[in-house]
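Structure first, then comments.
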Amino acid sequence: MSVRVRFAPSPTGYLHIGGARTALYNYLYAKAVGGTFILRIEDTDLERSNAEYEKLQIDDLKWLGIFHDEGPDKPNPKYAPYRQSERLEIYNKYAQQLIEKGLAYYDFCTEAELEAMKAQNEAEGNDPHYTGKWRNSEHFAEAKARIAAGEKTAIRFKAPKKSYTLNDKVKGSVTYPDNMVGDFVIMRSNGLPTYNYCCVVDDMLMEITHVIRGEDHLNNTVRQLMIYEALNAKLPEFAHVSLLIGSDRQKLSKRHGATSVNLYRNENYLPEAMCNYLTLLGWSHPAETDIFTKSDLFSLFSLERFSAHSAMYDLEKLKWVNGQHLKKMENADIINMLTTLPEAAAFNKQDAAWKNMAVTLLKQYADFISDIPKKADEMIFDEHIEMKNELLEILGWETTPKIIDYLAGEMNKITTPFVTEAELTAWMDFAKKDLAIKGKPLFQGIRAALTGQEHGPDLKLLIPLTPVAIIKKRLNLLSKTKQEKDG
RNA sequence: GCUCCCAUCGUCUAGCCCGGUCUAGGACAUCGCCUUUUCACGGCGGUAACAGGGGUUCGAAUCCCCUUGGGAGUACCA
């Protein structure tokens, strides 16, 4: 039987980093074993669900490069529909079957009654389970009558009093004691199913073979095990992946800052890098490498290499991973991504040859794609020089005025928009021989004169990229500063 | 409270299932050196961990128990 896995988000907000990781694991596993990856929308919480979020989450998955084989937008008639809100009849049908088999019952208890029941159980030291009268089959006729009269009611599942054992692919053998859960609601009085019930009905009907999801569902699983049993359905394999935590070691949530995928998308993180980093948070590559693409994993992703403990989400390493992917990218792809970036305005005005050279130089200084135009603005287009102490010191050197005067003269002869590397080399040679300057005063003096900086990239690469007009302005400013300082 | 899960450098982890090859390996971060007549990139190296206590065993990071710590669940949310 071929593998079928699913990612089942609730459209109650943006796609979360943790959700993306779960989706990714499912996707990778499907790819690794030639299975099918299904997207199911769990929108049974009417108050919080929103169709707009469904769209946004799917967009984010696409951006990450996580593509589903089946879903609301790619239905397979055998399994459709893929939105739980469109499957209500199905849930009702199975709920009726459970009632007929005596495995579930109508429950008319009010919220107040339920609370009183709980309080009483607590006071008497009993398990906090349902002990209402409707569990007793002798009230079934009364229940039927009230239903017939049009009354709305919840349907509660009769939890078997026995222990269950789950063989989880990540956690190993997990045994749930026989008093862990009491009777629980499967159909709410508003006609909508509850998670632990409809999840099982769908997984059964959609023939899901492997459930890969967050550890927060580990305790829920006992309820689901009961439903599988009651429905006489085949059990899938379960893999409960550890949770992502913030720097305070609490489950990762909004208050930890940037936890929505779209935030990273807006900040131009590379989707491959996001996937790479997310995969690493709880799973290890068999070759112990840290940098890889999704397709690298298609042949070797497995459920065997998950770690059992939670992982802290760390921006530092994500930044490094992003930088590694950036450095491996083709210049053409980087240039292409930059065309839509507003902060790359100055960069985008240049011609193709210039851009190619600039990217080769600048990507060594960048962790993020947006660092490239940022560095271009700082190192190439900036005409306002900050008179830092270090720069003032260089200006104070005996040899520096000579360099500035000489270079200003040479620059005035230039009629092209850019200086060539050969011209720059000739100037350096002249300064060395005819001006008799050498060592630090030579190189740092020229750098200061031309760029207004003490440090930066190799001048032979940087200066041919810098517009002559800008260099002239810097030279002017510098010689003015020098004169003021002297006078 | 109760139940379940987890525990290796600051962080992500390898090793654990099938005890000896572990004076515990890699990566991020950090520090130092080399390279670059600068900076960054890169290269090399350093600091840094088996939570604690009991067992079992000739031998335990690895198996068992307890303690401690952390997390999750305990809804007519998912």
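It should be emphasised that the depicted structure is a prediction, and the values quoted were computed from it without experimental measurement. Just so it is clear: chains get the letters A, B, ... in the order the sequence lines come, proteins before strands, and each one is counted from 1.
For A/Asp216, taking side-chain heavy atoms from C-beta onward, the closest of the listed nucleotides B/G73, B/U11, B/A14 is B/G73. Candidate nucleotides B/C4, B/G71, B/C76 were compared by shortest atom distance to the side chain of A/Leu114, and B/C76 ranks first. You'll find that the side chain of A/Lys317 is closest to B/C12, out of B/C41, B/U37, B/C12. Among B/A78, B/C12, B/G42, the nucleotide with an atom closest to any side-chain atom of A/Arg188 is B/A78. Of the candidates B/U13, B/A40, B/A78, B/U13 carries the atom nearest the A/Ala311 side chain, counting heavy atoms from C-beta on. Among the nucleotides B/C5, B/A78, B/G70, the one closest to the side chain of A/Val174 is B/C5. The side chain of A/Asn219 has B/G73 as its nearest neighbour among B/G73, B/U37, B/C5. Listed candidates were B/G26, B/G71, B/U38. Nearest to the side chain of A/Arg447 is B/U38. Nearest nucleotide to the side chain of A/Leu281, out of B/C12, B/C6, B/C4: B/C12. Nearest to the side-chain atoms of A/Thr194 among the listed nucleotides B/C77, B/G25, B/C39 stands B/C77.
Mapped onto RNA chain B by nearest heavy atom, A/Ala154 and A/Gly172 fall at different nucleotides, with A/Gly172 at the one closer to the 5' end. The residue among A/Leu218 and A/Glu111 whose nearest nucleotide of RNA chain B is located toward the 5' end is A/Leu218.
We find that CG of A/Leu326 is positioned 13 Å from P of B/C41, with the value rounded to whole Å. As rounded to whole Å, 16 Å separates atom C1' of B/C17 from atom CG of A/Leu303. At whole-Å resolution of the value, CD in A/Glu54 and P in B/A78 are 16 Å apart. Regarding A/Leu461, its CG atom lies at a distance of 15 Å from the C1' atom of B/U37, rounded to whole Å. Atom NZ of A/Lys162 and atom P of B/U3 are 21 Å apart (whole Å). Between the CH2 atom of A/Trp283 and the C1' atom of B/A27 there is a distance of 15 Å, rounded to whole Å. In this structure, the NE2 atom of A/His309 is 7 Å from the C1' atom of B/U13, given to the nearest Å. Between A/Lys171 atom NZ and B/C4 atom C1' the separation is 10 Å, expressed in whole Å.
Using a 4.0 Å cut-off between charged side-chain N and carboxylate O, A/Glu393 and A/Lys388 make no salt bridge. The pair A/Arg40-A/Glu42 meets the salt-bridge criterion, since a charged nitrogen lies less than 4.0 angstrom from a carboxylate oxygen. Residues A/Lys374 and A/Asp377 are not paired through a salt bridge, judged by the lack of any N-O separation under 4.0 Å between the basic side chain and the carboxylate.
An OP1 or OP2 oxygen of B/U11 is reached within less than 4.0 angstrom by a side-chain nitrogen or oxygen of A/Arg249. Taking side-chain N and O atoms only, A/Gln250 has a distance below 4.0 Å to OP1 or OP2 of B/G71.
Pairing for B/A27 is with B/U11, a Watson-Crick or G-U wobble pair whose two hydrogen-bonding atom distances lie under 3.5 Å. Here B/C4 sits opposite B/G71 as a Watson-Crick or G-U wobble pair (both hydrogen-bonding atom distances under 3.5 Å). Remark: B/C33 base-pairs with B/G43. Criterion, Watson-Crick or G-U wobble with two distances under 3.5 Å. Under the Watson-Crick or G-U wobble criterion, with both distances below 3.5 Å, B/C76 is left unpaired in every strand shown. As the counterpart of B/A60, no nucleotide is assigned, since no Watson-Crick or G-U wobble pattern has both distances under 3.5 Å. Applying the Watson-Crick and G-U wobble criteria (two distances, each under 3.5 Å), B/U38 pairs with nothing in any strand.
Side chains of A/Ser242 and A/Ser310: a donor-acceptor N/O pair is absent below 3.5 angstrom, by distance only. A/Ser85 and A/Asp43 form a side-chain donor-acceptor contact under 3.5 Å, judged by distance and modelled atom types alone. Under 3.5 Å, the side chains of A/Glu229 and A/Tyr164 contain a donor-acceptor pair of N or O atoms.
If you check every strand for non-hydrogen atoms under 4.0 Å, A/Arg156 touches sugar and phosphate atoms only. Note on A/Arg305: only backbone sugar-phosphate atoms sit closer than 4.0 angstrom, heavy atoms only; bases stay farther off. Within 4.0 Å of A/Cys109, counting heavy atoms only, lies at least one base atom of the nucleic acid. Looking at heavy-atom distances under 4.0 Å, A/Lys251 makes contact with sugar-phosphate atoms alone, never a base.
Around the NZ atom of A/Lys328, the shell of radius 6.0 Å holds no more than 12 heavy atoms that belong to other residues, nucleotides or ligands.
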Side chain to side chain donor-acceptor pair (under 3.5 Å) evaluation trace for A/Asp183 with A/His129: CA-CA 7 Å; A/Asp183 297 356; A/His129 300 160; over 6 Å; no

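Minimum heavy-atom separation, A/Ile38 to A/Ile208: CD1-CD1, 3.8 Å.
Ring-plane geometry between A/His285 and A/Trp283 is classed as perpendicular, the angle between the planes exceeding 60 degrees on a 0 to 90 degree scale with a lower cut at 30.
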Can you tabulate the close N/O pairs, meaning under 3.5 Å, that link protein atoms to atoms of nucleotides 29-34 of chain B?
none

